[in-house]
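Nothing here was measured: the structure is a model prediction, and the numbers come from that model. Both ligands and their constituent atoms are indexed starting at 1 by order of listing.
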Amino acid sequence: MNTLLLPGNAPDTAQTAADILKAGGLVAIPTETVYGLAANGLDPEAVGKIFLAKGRPQDNPLILHISDASEMEKYCHHIPEAAYKLAEAFWPGPLTMVLPAKDLVPKCTTAGLPTVAVRCPDNAITREIIKLSGCPLAAPSANISGKPSTTTAQHVLHDHDGKIDAIVDGGSCRVGVESTILDLTEDTPRLLRPGGITPWDMYPIVGEILMDKAITASVEKDEIVKAPGMKYRHYAPDCSVIIVDGDLIAAKAYIKKHFHPGNRVLCFQEELDTFREFAPLAYGAEKDPDSLMAGLFAALRELDDPSIGTVFARCPRGSGKALAVQNRLGKAAGFRHINPREKSFILGITGGTGCGKSTLLAVVEELGGTVIDCDRVYHQLLQYDKTLLSAIESRFPGTVTDGSLDRKKLGNIVFADKEALKALNDITHKAVKAEVLRLLPIENTLVAIDAIGLFEGELSELCDITVAVTAPEDVRVKRLTARDGISASYALSRIRAQRTDGEFASLCDFVLENNSTEEAFREKCLAFLWHTDIIKP
Ligand code: TXA
Ligand code: MG
């Protein structure tokens with residue numbers, strides 16, 4: 001099929017397009033929001049072609065485009081007063097209203113729903129085409145399903161060249177994101193999709209407006225939602241998008257840490273200079289939400305390239321027009337937001353040697369959390385922290401030779417003498433806490449701090465919750481002799497030099513007793529993380 005490109009300003013374009021539509025064909029039409037892929041909305045066969053061309057799921061209903069508010073009554077019944085008032089205030093314009101459908105609207109247009117979405121677009125040539133075709137036009141956004149919407153005739157040509165009859169070229173779309181959808185079939189109007197007409201614009205006319213859940217969060221595939229289209233992955237370029245919230249300094253620090261060659265940054269014009277090392281693309285100005293709406297889809301299309309890998313995107317805040325950008329960008333990102341400043345969830349883990357803390361730590365790591373092992377931190381500090389080494393040597397003479405610590409010698413001293421152990425701990429805890437603070441990730445993540453001296457070292461103060469891992473003494477002795485190749489009596493002296501399980505338990509918020517098999521303890525750890533809400537599904 002040869003796809004005609006009809007100039008929007010040519011005198012016979014409207015008639016040519018209308019003739020194609022009357023004959024059951026598909027024409028891409030410009031609107032002030034995005035380009036639509038139009039067919040006669042009362043002709044099931046023509047409407048079926050839209051679904052085919054877009055690869056659109058059959059359960060996703062279409063909007064009927066009318067040329068004048070008076071046509072609303074032809075296709076809808078039980079129209080509330082508010083609908084007339086909204087039409088008066090905002091039509092022609094980027095507002096779609098969901099109302100009870102009359103029987104003449106085919107089931108394939110409404111996807112079998114008893115309601116129909118109607119809107120009168122603010123585009124002269126498109127309203128002229130509707131008038132000349134003598135029927136309402138069913139028109140979804142003209143993009144291939146799941147892809148970013150089309151805001152120029154070239155975008156439509158890219159997606160549908162050779163697959164549809166014609167494209168009317170009306171230049172770039174002024175608003176740039178799809179219309180606001182308001183459901184007026186319940187007692188309180190419900191916003192199903194944010195757009196250029198904001199809740200604040202409509203509030204003086206309709207009062208309270210409910211916000212549909214699907215606007216700001218992902219919806220499960222089989223979950224029932226008011227606007228079926230909101231549950232599908234949408235607007236997404238062929239790479240992964242992560243929204244990086246927060247101030248510019250934190251965002252840059254985060255992106256710098258996670259950026260790989262080929263990745264891109266999608267940002268505000270005001271931020272281009274800050275992100276200059278990270279292949280930035282600006283989609284509009286932060287202080288001008290209209291420009292962000294207008295530029296978003298073209299930018300997402302430019303980033304529609306699997307070789308990019310990851311796009312780090314900046315998203316405006318606010319509840320007016322910014323809401324439409326948050327929704328579209330959110331959907332492109334699967335609502336994945338990173339707030340680099342948001343405090344990590346910090347889990348403090350303690351317990352005596354040989355209790356099995358490492359099992360809990362392994363579970364945290366499997367879940368994508370970060371583990372800070374204070375024993376390891378301590379040993380690393382002993383490699384290069386000269387101040388720490390000289391403090392140890394001056395309290396325990398003869399334990400440090402040539403800048404290296406004789407651990408066995410020190411161990412023999414402190415594990416047999418509680419006073420000596422306390423003195424050593426006082427020295428090391430300060431150094432370890434400073435290093436843990438340095439190691440704590442800034443991004444939003446689960447962190448486990450594992451430390452025998454969680455409380456003495458005041459690391460517990462950094463933690464959201466603390467947990468003690470305990471185990472019967474005979475089990476611990478067995479583990480230690482097997483693991484460290486030491487005698488049972490030495491293992492016992494090490495165990496007894498530490499706090500008792502009872503002491504650890506009374507200090508912590510939670511206790512996990514490791515008194516069965518390793519596998520059973522793993523299960524227990526996992527259940528614990530679920531129940532304490534540490535893992536958010
Ligand atoms: O700005 C726009 O609205 C553009 C231009 C072309 O007019 N059109 C557009 O259509 O965005 P589309 O099909 O991409 O999105 C229509 C949305 C879908 O999420 C669909 O589920 C919802 O409207 N919708 C349609 N009829 C509905 C109904 N009866 N009840 C609830 N939601 C409905
Ligand atoms: Mg769409």
Closest to atom 4 (C) of ligand 1 by heavy-atom distance, out of Ile29, Val34, Ile50, Asp59, is Val34
Atoms of ligand 1 under 4.0 Å from any heavy atom of Ala117, numbered from 1 in the order shown, are 25 (C), 26 (N), 27 (C), 29 (N)
- Item | Short side-chain donor-acceptor distance under 3.5 Å, Tyr283 and Glu302 | no
Numbered in order shown, the ligand 1 atoms found under 4.0 Å of a heavy atom of Ile63 are 3 (O), 8 (N), 9 (C), 10 (O), 16 (C)
Taking only non-hydrogen atoms of Asn60 and a 4.0 Å limit, the atoms of ligand 1 in range are 18 (C), 20 (C), 21 (O)
Practice task
Could you confirm whether Ser141 has any N/O/S atom lying under 2.8 Å from the Mg ion (ligand 2)?
Solution key: yes
For Ile181, the ligand 1 atoms with a heavy-atom partner under 4.0 Å come out as 17 (C), 22 (C), 23 (O)
Query raised in the report: Without hydrogens or angle criteria, can the side chains of Gln326 and Thr216 be said to hold a donor-acceptor pair below 3.5 Å?
Result: no
When Asp161, Leu157, Leu6 are each screened for side-chain contact (heavy atoms from CB on, under 4.5 Å) with Ile167, the one that passes is Leu157
Result for side-chain contact (heavy atoms from CB on, under 4.5 Å) between Val371 and one of Leu446, Val447, Leu361 points to Leu361
Residues 197-209 vs side-chain hydrogen bond (donor to acceptor under 3.5 Å, both in side chains), sequence neighbours excluded, gives Thr198-Asp201, Trp200-Ser319
Below the 3.5 angstrom mark, is there an N/O of Lys54, backbone or side chain, next to an N/O of ligand 1?
no
dist Lys163:NZ -> Asp159:CG (nearest 0.5 Å) comes out at 7.0 Å
Margin query: Between ligand 1 and Pro121, can you find any atom pair, the residue atom being a heavy atom, that is separated by under 4.0 Å?
Written below: no
Practice item. Compute the shortest N/O to N/O distance between Ser141 and ligand 1 and return yes if it is under 3.5 Å, no if not. Key: yes
Any nitrogen or oxygen of Arg56, main chain or side chain, under 3.5 Å from a nitrogen or oxygen of ligand 1? yes
For His65, the ligand 1 atoms with a heavy-atom partner under 4.0 Å come out as 5 (C), 6 (C), 7 (O)
Assess the side chains of Arg193 and Thr96: does a donor N or O sit below 3.5 Å from an acceptor N or O? no
Here the atoms of ligand 1 under 4.0 Å from any heavy atom belonging to Thr115 are 28 (C), 29 (N), 30 (N)
Would one find an N or O of Tyr35, backbone or side chain, under 3.5 Å from an N or O of ligand 1?
-> no
Quick note, ring pair (Phe, Tyr, Trp, His ring centres under 6.0 Å) partners involving residues 295-332, not counting sequence neighbours, are Tyr235-Phe297
Decide whether Arg119 and Thr31 meet the rule of one side-chain donor and one side-chain acceptor closer than 3.5 Å. yes
| query | Looking at ligand 1, does Thr110 have a heavy atom less than 4.0 Å from it? | reply | no
